[in-house]
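Single-structure report; data block below.
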Amino acid sequence: MATLTTSDLRKGLKLEIDGEPYIITDFEFSKPGKGQALYRCRLKNMITGSQFDRTYRSVDKFESADLEEQDMQFLYSQGDSFHFMNTANYEQIEMTRDQVGDATNYLTENLVVSMLFFQGRPIGINLPNFVVLKVVKSDPGIKGDTAAGATKPATMETGFVIQVPLFIEEGEVLRIDTRSGAYVERVKA
Amino acid sequence: MSAEEILAGKRAHLELRCRILQTIRRYFIEDGFMEVQTPLRTPAPAPEPYIEAIPADAPYFLITSPELYMKRLLAAGYERIFQITPVFRRGEQGRFHHSEFTMLEWYRLYADYRTLQEDCRNLLLTVCHEEGKASGWDYQGHWLQVEGEWQHYTVREAFRRFAGWEPSSHVDQYRFDGDLVEKVEPHLGFPTPCILSDYPSSQAALARLRHDDPSVAERFELYWAGLELANGFSELTDAAEQRSRFREALQMRRQQGYVPYPLPERFLASLEDLQPCAGIALGVDRLIMLLGNAGHIDEIVPFPPGFD
């Protein structure tokens, strides 16, 4: 952990405040010509997602947040617990469904994700931008519906339901954008 | 985008900069001012509590303003002088700040801050007319116009109205600056420019106090679209008073652990000969931002930090 000053403040900087990790999502430097500098920040709690605004002055000091990223391989889930393995040292850790959040939509066995740790505790998962998922259920497209861009729902192997083009069939493998949850393309098996 | 494409994309703003600089020069020359050049380095910057000079080949510093040199010219009898110069202030970096920026300063002997306010009006009218914007234009979603009545608040009026309290002569600077930025400035200068005048005496800087009310200084700031454009005052010509203000500022700098400056003795000596006068500094980059509808100062200089 390092002590920082206002001159280090910028968008994207991660700080520890009251024992919790925060990221600066908006930053503005203001200064009356003959007055004190004000460093106006919007801070987002990296665990709860809650946001608040705070203004700092030149005399203020900060602690950088003790954050670490590790590549973790998803092993399996059992009820509400999700099990991962550190690809570097093979240590296993368990996270709750709440902690994993929306990432549960994309987790398939052996998928490697980047996990964020705060003071050694896992607090979040960064998925790869694209994952490959298998369609387990999708009704055939309605005959005669040829409107360009027409879609239908499809259930993926993780239980996640997305909109896909009408020509997609059960058993096909699709590339999905994890940032938007959108179908990208078919992947040849 | 390649570096050349980025630079080529700035042509409209750089041409605007060129025209505004020409207009400013023409305006002052036609008004009987003389353009001067003074050093970019100084061994003794004006001691001010919150303006940090950048050291440059000790014992020199880069100037934070040409003010002291220009007043030495005034003391020698140069009646009307102006200068457009780069100035340097450490640690200032943001949407409206570069630590190197362009300052326009002008000074008049035998005048006070009211004359400067008239100058501001005439100068901005001239610039806007030259740019074909006399009837107004859109700046980042706000309608601006130079014609019509300008707003004018004293600091007390503006704080009472927008911050809900009235600063005294020795106001707590922490509270003052915070509310100025967050509560007062966002209301100043829509759609016409705004003069904010009569600062608390503790924030007189190098301004003289009002004879009829020494709790305030004859200092004003020009705002437009919430942006601080210029700071001017009736100059303090009392050498003893100026020396004591500098000492106070140096003391404060020492307490806060800033690099010490020597007292600007040649400037202080020149005050003995300085007649009543007034001077003002205007941020040229910000004026270009307003006229060019630029949301970030990086847009109106060719080589902003990180691209230099």
Side-chain angles (χ1 to χ4, degrees), chain A residues 1-46 48-65 67 69 129 177 179-180, chain B residues 46 48-52 64-65 87 89-99 101 103 155 171-182 184-186 196 199 202-207 217 219 221-223 226-233 249 255-258 281-283 286 296-297:
Chain A
M1 215 160 21
T3 299
L4 306 174
T5 66
T6 45
S7 60
D8 298 308
L9 294 180
R10 61 178 190 281
K11 201 167 159 174
L13 186 71
K14 294 163 185 133
L15 303 172
E16 182 180 331
I17 301 167
D18 301 330
E20 306 232 311
Y22 285 84
I23 181 164
I24 299 177
T25 56
D26 245 313
F27 175 71
E28 183 146 348
F29 173 85
S30 307
K31 183 183 179 301
K34 301 218 178 271
Q36 299 175 25
L38 273 69
Y39 303 80
R40 300 198 275 177
C41 299
R42 172 155 295 171
L43 294 147
K44 183 176 166 190
N45 186 308
M46 295 177 73
T48 65
S50 65
Q51 300 205 39
F52 69 94
D53 293 328
R54 192 177 280 186
T55 299
Y56 295 104
R57 311 290 184 113
S58 301
V59 292
D60 290 319
K61 298 273 186 287
F62 311 89
E63 293 298 330
S64 64
L67 292 163
E69 265 187 289
N129 289 344
D177 189 324
R179 294 160 295 186
S180 57
Chain B
E48 296 197 58
Y50 304 109
I51 298 179
E52 270 302 289
T64 59
S65 151
V87 296
R89 297 180 178 188
R90 184 178 211 155
E92 302 195 4
Q93 181 65 45
R95 252 181 86 200
F96 300 107
H97 292 83
H98 277 160
S99 76
F101 61 104
M103 196 78 106
V155 167
V171 61
D172 169 32
Q173 177 122 23
Y174 189 94
R175 183 180 183 207
F176 184 89
D177 287 335
D179 277 5
L180 178 64
V181 168
E182 294 185 332
V184 179
E185 286 185 345
L196 183 66
Y199 275 65
S202 60
Q203 297 188 37
L206 284 71
R219 174 185 160 201
E221 298 253 2
L222 172 67
Y223 281 89
L227 198 54
E228 178 189 352
L229 269 188
N231 173 77
F233 29 76
Q255 283 165 357
Q256 291 171 349
Y258 291 122
L282 182 146
R286 290 185 178 175
H296 198 293
I297 189 170

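Residue numbers start from 1 in every chain, and the chains themselves are labelled A, B, ... in the order their sequence lines are given, proteins ahead of strands.
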- Under 4.5 Å from a heavy atom of chain B, the part of A/Glu28 involved: side chain
[X], part contacting chain A, at a heavy-atom distance under 4.5 Å:
X	result
B/Gln256	neither
B/Tyr174	both
B/Arg219	side chain
B/Gln173	both
B/Gln203	neither

- Quick check: are there more than 12 heavy atoms from other residues, nucleotides or ligands sitting under 6.0 Å from CZ of A/Arg40?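 Yes, CZ of A/Arg40 has more than 12 neighbouring heavy atoms, counting only those of other groups under 6.0 Å.
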When rounded to the nearest 0.5 angstrom, what distance separates [atom1] in [X] from [atom2] in [Y]?
X	Y	atom1	atom2	result
A/Thr55	B/Asp177	OG1	CG	12.0 Å
B/Glu185	A/Ser30	CD	OG	7.5 Å
B/Glu92	A/Lys31	CD	NZ	4.5 Å
A/Arg10	B/Gln93	CZ	CD	13.0 Å

- Query: Looking at B/Glu48, B/Glu221, B/His97, which makes the most heavy-atom pairs under 4.5 Å with chain A?
  - Reply: B/His97
- Task: Grab the two heavy atoms, one from B/Gly178 and one from A/Arg57, that are nearest each other, plus how far apart they are.
- Result: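 In terms of heavy atoms, the two residues are closest at CA-NH2, 3.5 Å.
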